[in-house]
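Since the structure comes first, as structure tokens, the remarks are kept for the end.
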Number of protein chains: 2
Amino acid sequence: MPERGRPRTFDRAAALRRAMEVFWAKGYEGASLSDLTAAMGINSPSLYAAFGSKEALFLEATELYTRVEGTEIWSALEKAPTARQAIEWFLRQTAKAYSQTGRPQGCLIALGALHQDSSCGAICDDLRRRRAENREALLRRLERGVAEGELPADFDCGTAATFYATVQHGMSIQARDGASRSALLETVAGAMAAWIAMAGTGAA
Amino acid sequence: MPERGRPRTFDRAAALRRAMEVFWAKGYEGASLSDLTAAMGINSPSLYAAFGSKEALFLEATELYTRVEGTEIWSALEKAPTARQAIEWFLRQTAKAYSQTGRPQGCLIALGALHQDSSCGAICDDLRRRRAENREALLRRLERGVAEGELPADFDCGTAATFYATVQHGMSIQARDGASRSALLETVAGAMAAWIAMAGTGAA
DNA sequence: TCCTTTCTGTATTGATCGATACATAATTCA
DNA sequence: TGAATTATGTATCGATCAATACAGAAAGGA
């Protein structure tokens with residue numbers, strides 16, 4: 001069923017990816033329509049026809065970010081054979097992703113919109129929800145470790161999930177400050193040192 | 001030597017404090033001149049006469065924040081008898097400060113301006129410098145712990161300072177997400193668990 | 001009292017914000 | 001081929017941005 005009317009002359013998916021990069025680098029409020037249209041290679045009427053509004057474009061961009069940029073970080077959680085390795089791989093992939101050159105540093109979900117009082121309530125709510133989901137994913141993996149007997153029954157999964165999620169948020173700010181990969185890995189080393197004490201299981 | 005000309009009719013220090021609270025809640029770019037003048041109870045010409053520009057006002061506000069709001073957090077570093085207690089008090093004071101009601105949550109220095117690409121280069125540089133100073137303060141306290149024999153000679157002060165500074169940054173985002181004090185203290189507990197492994201000294 | 005200096009309030013500046021009106025171009029359907 | 005539909009480019013909308021011009025008010029110095 002071919003579409004009616006004049007066909008679109010730009011690649012919607014490619015334009016969305018460019019928009020994601022602009023939001024990633026500048027945040028929701030810091031990214032102006034001029035920034036977006038310039039990066040996307042289109043005029044504002046095309047943007048509004050294809051995406052609806054700046055807010056809707058941002059929500060699509062974060063969805064793309066979650067689906068594309070976060071896969072290596074979060075798939076590590078599932079692939080790792082133990083909870084301990086899951087957390088360590090998760091943090092190491094974070095350090096790697098946050099220090100890659102040629103793209104914005106840190107995480108769009110963590111840094112995209114932190115000041116609720118502005119006119120971006122829905123944006124802040126969406127990012128907050130995604131951050132909460134990240135903690136939930138950590139929590140589930142830790143609880144699996146308890147269920148499988150890797151971790152003691154009294155292991156405090158909630159505390160550990162909160163802690164590691166918070167460490168990852170901090171790494172976004174660290175990365176924005178220009179931290180090298182080795183500096184980010186120092187944070188990982190510190191966070192994994194906590195594991196030893198929390199789980200009572202040594203060995204590196 | 002009395003001042004020439006018509007005297008100012010508002011309290012400059014009180015107005016600066018109001019401005020600090022607005023920047024704290026909304027960030028540098030999110031705080032408009034209208035927001036600022038409304039909170040300060042003055043008109044924009046008075047703001048410019050007294051502070052110079054929005055940028056200069058922000059720099060004064062961060063200086064005030066560092067001097068007033070951070071004292072309990074950073075004085076804990078010096079007062080604590082051991083490096084271990086210094087870090088723990090530092091984190092506990094952070095959890096307490098970041099979860100106080102009736103004021104913005106999280107840290108102005110950590111959250112005030114994270115997107116450099118905007119037109120706020122000097123602002124971002126100033127905040128980044130202050131964040132680096134915070135890590136340096138942690139580093140000095142840890143090195144003192146080594147010098148005093150509390151910590152082993154091969155204790156990696158740099159890694160630990162980076163780690164704890166990053167945890168504090170993460171706690172700002174956690175606080176912005178509405179985390180309760182007990183949730184922030186979970187992060188503190190996780191971070192202090194790392195101490196046991198890093199320093200090789202147990203006991204709570 | 002008059003002059004100088006500084007602050008205050010009103011009104012406004014040019015620039016930029018997010019979002020659209022409108023005419024034209026390009027396609028499908030009948 | 002003509003009508004309907006959708007996209008594009010130009011040009012612009014009212015609102016808001018940070019920052020000021022200007023005239024009047026309130027002080028000290030002469």
Side-chain angles (χ1 to χ4, degrees), chain A residues 1-16 18-20 22-23 25-61 112-113 115 117-124 126, chain B residues 1-16 18-20 22-23 25-61 112-113 115 117-124 126:
Chain A
M1 187 193 300
E3 301 157 10
R4 297 280 301 265
R6 178 176 178 174
R8 188 177 285 128
T9 58
F10 64 93
D11 183 337
R12 190 183 190 280
L16 177 59
R18 298 292 186 85
M20 178 193 77
V22 173
F23 282 129
K26 303 194 170 193
Y28 176 70
E29 295 197 311
S32 70
L33 260 290
S34 301
D35 294 330
L36 291 164
T37 55
M40 299 164 83
I42 60 177
N43 296 113
S44 52
S46 297
L47 187 155
Y48 280 88
F51 299 100
S53 67
K54 184 187 177 185
E55 183 169 306
L57 176 61
F58 183 85
L59 295 175
E60 268 201 67
H115 303 291
D117 283 325
S118 307
S119 56
C120 60
I123 299 296
C124 287
D126 181 72
Chain B
M1 189 194 299
E3 300 156 11
R4 297 282 301 265
R6 178 176 178 174
R8 187 176 286 128
T9 58
F10 64 93
D11 183 337
R12 190 184 190 279
L16 176 60
R18 298 290 184 86
M20 178 193 78
V22 173
F23 282 130
K26 302 195 171 191
Y28 176 71
E29 295 196 311
S32 71
L33 260 289
S34 301
D35 294 329
L36 291 165
T37 54
M40 299 164 82
I42 60 177
N43 296 112
S44 51
S46 297
L47 187 155
Y48 280 88
F51 299 99
S53 68
K54 183 186 178 186
E55 184 170 306
L57 176 61
F58 183 85
L59 295 176
E60 269 200 68
H115 303 291
D117 283 326
S118 307
S119 57
C120 60
I123 299 297
C124 288
D126 181 70

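In what follows, every heavy atom counts, from backbone to side chain, and hydrogens, waters and symmetry copies are set aside.
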Atom of [X], atom of [Y] and distance for their closest heavy-atom approach:
X	Y	result
A/Ala39	A/Val22	CB-CG2, 3.4 Å
A/Ala56	A/Phe51	CB-O, 3.2 Å
B/Ala113	B/Cys124	O-SG, 3.7 Å
B/Ala31	B/Lys26	N-CB, 3.9 Å
A/Arg12	A/Glu60	NH2-OE2, 2.8 Å

With a 4.0 Å cutoff (strictly under), does any side-chain N or O of [X] reach OP1 or OP2 of [N]?
X	N	result
A/Arg8	D/dA7	yes
B/Thr9	C/dT8	yes
A/Asn43	D/dG9	yes

Problem set entry | 5' precedence on DNA chain D between B/Gly5 and B/Ala31 (nearest-nucleotide basis) | B/Ala31

Integer-rounded Å distance: [N] [atom2] and [X] [atom1]:
X	N	atom1	atom2	value
A/Lys54	C/dA19	NZ	P	8 Å
B/Arg4	D/dG28	CZ	P	10 Å
B/Glu55	D/dC17	CD	C1'	16 Å
B/Ile42	D/dA19	CD1	P	14 Å
B/Met40	C/dG9	CE	C1'	16 Å
B/Phe10	D/dA25	CZ	P	20 Å
B/Arg6	C/dT6	CZ	P	14 Å
A/Asp11	D/dA7	CG	P	15 Å

For this session: Work out how much the helix from C/dT1-D/dA30 to C/dA30-D/dT1 bends between its end axes, five pairs an end, to the nearest 10 degrees.
Result: 10°

Exercise. B/Asn43 side chain to B/Pro45 main-chain N or O, any donor-acceptor pair under 3.5 Å?
Worked result: no

For this session: Report yes or no: does A/Lys54 contribute a side-chain atom to a donor-acceptor pair with the main-chain N or O of A/Tyr28 at less than 3.5 Å?
Result: yes

Exercise. When you measure from the side chain of B/Ser46, which nucleotide among C/dA26, C/dT8, C/dA19 comes out closest?
Worked result: C/dT8

Seminar exercise, completed: Its contact letters, B for base, S for sugar-phosphate only and - for none at protein heavy atoms under 4.0 Å, make nucleotides 11-16 of chain D read ------

For this session: Return yes if a side-chain donor-acceptor contact under 3.5 Å exists between B/Ser32 and B/Asp35, otherwise no.
Result: yes

Exercise. Rounded to the nearest 0.5 Å, what separation is found between the OG1 atom of A/Thr37 and the CG atom of A/Leu47?
Worked result: 7.0 Å

